[in-house]
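Quick notes on the structure that follows.
Source: prediction; values computed, not measured. Convention: sequence-line order gives letters A, B, ...; per-chain numbering from 1.
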Amino acid sequence: MIQWMLILSLFFFGLAITILLYRIIWGPSIPDRVIALDTIGINIISGIAIISIVVDTKSFLEAILILGILAFISTVAVSKFIERGVVIELKRDR
Amino acid sequence: MKINDVILQTVTKIAVFIILTFAVDLFFAGHHHPGGGFVAGLVFASAFVLLGLAFDLETVRKGAPFDFKKLGALGGFLAVGTGLLALIWDASFLTQTFITVSLPIIGELDVATVTLFEAGVAFTVIGVVVTVIMGISEGR
């Protein structure tokens, strides 16, 4: 029963990623695409967590942490590029 | 207009230490579990990217006053040097070895020369990636 529920939740995470791909390709604006990419990252993290429950291992937890760090940094970087036009400033004028 | 990013800077000040700790953990986990020098170097460099995003390049340079090109060169020297050291004992290039020591509190511990090689790989990756990031981000 639990196994069946885990497989079903994996199916729904795949469905959510497919719907988010629509938002990335045909998204009206750039911030929509950024949010969609971040949400895809979170869905992949959840999928990895469920896969590591299904196959009963702890080896995927590092992958979860690295994906979380990369999703956070990429979202911050693209947001800063949209907001200011520069990713890493040489010197703040404040 | 005065730009205010106090939330990003506050989150960064906490998250950078978590990322650096995770990099060290990945480095030492690389013997029997997923991880290793390459991934540790990349995660370490991503902490510097996050610092550069939240603050600016001058602050990062002041906080970490190393020459990252020299760090990368030192890493390459270390990695190749541990490989060449095996030739002294008539083994083939890049042969690694280990001994098992028993310590009072920790217990059995494998001390391997592959740790030095992995440190070389990690230094190389940190040096190259941070140099590239700082090079492309100077706004020219």
Side-chain angles (χ1 to χ4, degrees), chain A residues 6 10 13 24 29-94, chain B residues 1-12 14-30 32-36 38-62 129-130 132-140:
Chain A
L6 291 172
L10 273 181
F13 278 126
I24 284 182
S29 64
I30 298 288
D32 288 331
R33 295 190 170 103
V34 177
I35 296 295
L37 264 179
D38 197 29
T39 319
I40 281 184
I42 290 168
N43 275 315
I44 289 174
I45 288 171
S46 317
I48 292 173
I50 289 181
I51 286 174
S52 69
I53 294 174
V54 169
V55 302
D56 197 14
T57 176
K58 282 189 288 187
S59 300
F60 295 141
L61 299 184
E62 279 94 357
I64 290 177
L65 276 167
I66 288 180
L67 266 174
I69 291 169
L70 287 186
F72 174 66
I73 289 179
S74 57
T75 308
V76 168
V78 182
S79 312
K80 192 171 175 189
F81 178 71
I82 292 170
E83 193 75 14
R84 307 223 190 125
V86 60
V87 177
I88 298 179
E89 297 159 286
L90 195 59
K91 190 165 169 39
R92 276 179 303 171
D93 44 359
R94 267 171 291 153
Chain B
M1 191 185 81
K2 200 167 162 70
I3 302 165
N4 185 3
D5 44 20
V6 65
I7 295 178
L8 179 61
Q9 290 183 356
T10 312
V11 169
T12 299
I14 299 169
V16 157
F17 284 104
I18 298 174
I19 295 173
L20 292 178
T21 314
F22 178 51
V24 175
D25 176 64
L26 268 181
F27 178 74
F28 284 111
H32 305 296
H33 300 289
F38 192 83
V39 196
L42 282 179
V43 173
F44 207 93
S46 75
F48 278 95
V49 174
L50 186 59
L51 273 180
L53 278 171
F55 300 95
D56 53 335
L57 218 52
E58 298 255 322
T59 316
V60 177
R61 283 230 179 93
K62 204 162 58 183
V129 174
V130 175
V132 167
I133 294 287
M134 283 183 175
I136 64 173
S137 64
E138 298 200 338
R140 278 173 304 205

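Between Arg84(A) and Asp5(B) there is a salt bridge, since a side-chain N of the basic residue sits under 4.0 Å from a carboxylate O of the acidic one.
By the 4.5 Å heavy-atom criterion applied to side chains, Val60(B) and Phe48(B) are counted as neighbours.
Residue contact with chain A, scored on non-hydrogen atoms closer than 4.5 Å, is absent for Ile18(B). Looking at Phe72(A), the atoms closer than 4.5 Å to chain B (heavy atoms on both sides) all sit in the side chain, from C-beta outward. For Val11(B), the part lying near chain A is the side chain, with the backbone staying farther off; criterion is any non-hydrogen pair under 4.5 Å. The parts of Leu53(B) that come within reach of chain A are both its backbone and its side chain, each placing non-hydrogen atoms under 4.5 angstrom from that chain. With a 4.5 angstrom heavy-atom cutoff, Ile66(A) touches chain B via backbone and side-chain atoms both.
Side chains of Asp32(A) and Ser29(A): a donor-acceptor N/O pair is present below 3.5 angstrom, by distance only.
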**Message:** As a quick check of understanding, evaluate side-chain contact (heavy atoms from CB on, under 4.5 Å) for Ile69(A) and Phe22(B), giving each step before the final call.
**Reply:** CA-CA 10 Å; Ile69(A) 291 169; Phe22(B) 178 51; 3.8 Å; yes
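Note: Leu10(A) CG to Asn43(A) CG = 11.0 Å, rounded to the nearest 0.5 Å.
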